Amino acid sequence: MRAGLPKGVLNVIHGAHDAVNFICDAPAIRAISFVGSNRAGEYIHDRGSRNGKRVQANLGAKNHACISPDADKESTLNALTGAAFGAAGQRCMALSVAVFVGESRSWIPELAERARKLKVAPGHMADADIGPMISPDALKRAEALIAEGVAQGAKLLVDGRKPAVPAGYEKGNFLGPTILTDVAPSNVAYKEEIFGPVLVTVGVDTLDDAIALINANPYGNGTAIFTTNGAVARKYQHEIDVGQVGINVPIPVPLPMFSFTGSRASIRGDVHFYGKQAVSFYTQTKTITSNWRYTGETVKLSTSMPTLG
């Protein structure tokens, strides 16, 4: 209100189940736009839709980067490092799986070197690269998934648990950059969205293998291909079944005039976020048909479909 927003335009409700059910059930609320977990989002979409509401729910993700052997190595490794570990991996478009094709697998040790050089520290420090996890529970969950992934056969190339942090912040919710290699699709570290600074790496032989792997994943939020070959990029963008595709762009978040187009298990509802689709979501179409006669003549009775003729 201090910023000049009219009273009642923005309302904040704190709560859990009761608050969610109220929003889903209240007749005065006609549309719900949700961002969060699959479990919550699917519930909200189901309950809100049954009450006749328009609902869009942006859900989980497992975003893959595909690294072609012809990619610019230095630029690609820098992009992977930033996209996987920036914001401590706590963004829905963070890269969480790197699929190395063919000879590009030899780049993984250099990726690990970059990860180890990142500084873990409170976000207000100017030289901090990675800040804390958002809560003790989030940290505990990420550490548990790392341990479980290793127990299921993944190799721990970079272990970010219990990182060194500046004095006075030892009790913070910090997790350093972590890289798991040789991760099978059945591994929990591959299947779950860890939502932390954890990068899973997978090696495949061909681009077709990479596309098949990514398309087999239930989520379809975002993906990226790193290549200097236009034919490779074109094949990838046409054959990949993911809503948002970056070509040498690690986090393909669109500008506001375009839609945030996640697909498959990453979204519920048929209208996306941002752009023209967002305008359609928040508005209702009304069609007016009028017939004004200037001659004063009486309209003749007819059982045919009315026309303006």
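From a predicted model like this one, the values you see are computed outputs, not experimental measurements.
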Could you walk me through whether K162 and E143 pass the salt bridge (charged side-chain N to carboxylate O under 4.0 Å, His left out) check?
CA-CA 10 Å; K162 305 296 186 288; E143 291 178 334; 3.5 Å; yes

Test salt bridge (charged side-chain N to carboxylate O under 4.0 Å, His left out) on R141 and D137 and set out the steps.
CA-CA 6 Å; R141 178 179 180 274; D137 286 341; over 6 Å; no

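- Under the 3.5 Å distance criterion, with hydrogens and angles disregarded, no donor-acceptor pair is assigned to the side chains of N229 and T227.
- Within a 6.0 Å radius of CZ in R161, other residues, nucleotides and ligands contribute more than 12 heavy atoms.
- Checked by atom type and distance alone, the side chain of N11 pairs as donor or acceptor with a backbone atom of G8 at under 3.5 Å.
- One finds the CZ atom of F174 at 11.5 Å from the CE atom of M133 (value rounded to the nearest 0.5 Å).
- Judged by distance alone, with hydrogens and angles left aside, the side-chain atoms of N51 form no donor-acceptor pair with the main-chain N or O of G48 at under 3.5 Å.
- Judged by distance alone, with hydrogens and angles left aside, the side-chain atoms of Q244 form a donor-acceptor pair with the main-chain N or O of N221 at under 3.5 Å.
- One N or O on the side chain of T178 and one on the backbone of G176 form a donor-acceptor pair closer than 3.5 Å.
- For residues 55-101, the ring-ring contact (aromatic ring centres under 6.0 Å, His included) pairs, not counting sequence neighbours, are H64-Y190.
- Taking OG1 of T201 as the start and CG of D182 as the end, the distance is 6.5 Å to the nearest 0.5 Å.
- Checked by atom type and distance alone, the side chain of R105 pairs as donor or acceptor with a backbone atom of G102 at under 3.5 Å.
- Heavy atoms only, all atoms of each residue included: L199 and V97 are closest at CD1-N, 3.9 Å.
- Listed by chain and number, the residues in a salt bridge (charged side-chain N to carboxylate O under 4.0 Å, His left out) with E193 amount to none (sequence neighbours excluded).
- The CD1 atom of I32 lies 10.5 Å from the CD atom of Q56; values are rounded to the nearest 0.5 Å.
- Considering every non-hydrogen atom in both L139 and G172, the closest pair reads CD2-O, 4.5 Å.
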Going through the checks in order, is the side chain to side chain donor-acceptor pair (under 3.5 Å) test met by T223 and Y236?
CA-CA 10 Å; T223 187; Y236 191 82; 2.6 Å; yes

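- Interatomic distance, CG of L156 versus OG1 of T181, reported as 8.5 Å (0.5 Å rounding).
- Atom CD1 of I214 and atom NZ of K62 lie 13.0 Å apart (nearest 0.5 Å).
- In this structure, E103 CD and I67 CD1 are separated by 14.5 Å, a value rounded to the nearest 0.5 Å.
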Trace of the side chain to side chain contact (heavy atoms under 4.5 Å, CB included) decision for S33 with F281
CA-CA 9 Å; S33 183; F281 181 82; 4.2 Å; yes

Side-chain donor/acceptor pairs under 3.5 Å, residues 16-23, sequence neighbours excluded:
from: N21; atom 1: OD1; to: Y43; atom 2: OH; distance (Å): 2.6
from: N21; atom 1: OD1; to: R47; atom 2: NH1; distance (Å): 3.1
from: N21; atom 1: ND2; to: H17; atom 2: O; distance (Å): 3.3

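- A donor-acceptor pair shorter than 3.5 Å can be found between the side chains of Q284 and R30.
- When all heavy atoms are compared, the tightest approach of Y169 to M125 is CE1-CE, 3.6 Å.
- The backbone N or O of C92 sits nowhere less than 3.5 Å from a side-chain atom of N58 that would complete a donor-acceptor pair.
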Please report the C-alpha distance between D129 and K117 in whole Å, then the side-chain angles of each, then the deciding distance to 0.1 Å, and finally whether the salt bridge (charged side-chain N to carboxylate O under 4.0 Å, His left out) criterion is met.
CA-CA 9 Å; D129 295 309; K117 291 178 181 177; over 6 Å; no

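- Distance alone, capped at 3.5 Å, places no donor-acceptor pair between the S68 side chain and the A71 backbone.
- Residue E170 qualifies as enclosed at atom CD: its count of foreign heavy atoms under 6.0 Å is above 12.
- Heavy atoms from other residues, nucleotides or ligands lying under 6.0 Å from CD1 of I134 number 12 at most.
- Side chain of N173 to main chain of P132: no donor-acceptor pair is present (N/O by atom type, distance under 3.5 Å, no hydrogens or angles).
- The minimum heavy-atom distance linking V188 with G149 is given by the pair CG1-N, 3.8 Å.
- The backbone N or O of D72 lies less than 3.5 Å from no partner atom in the side chain of S75, so there is not a single donor-acceptor pair.
- Contact detail for D205 and V101: the closest heavy-atom pair is O-CG1, 3.8 Å.
- In plain terms, the two heavy atoms of V55 and S49 that are nearest each other are CG2-N, 3.9 Å.
- Side chain of E148 to backbone of A189: no donor-acceptor contact under 3.5 angstrom is found.
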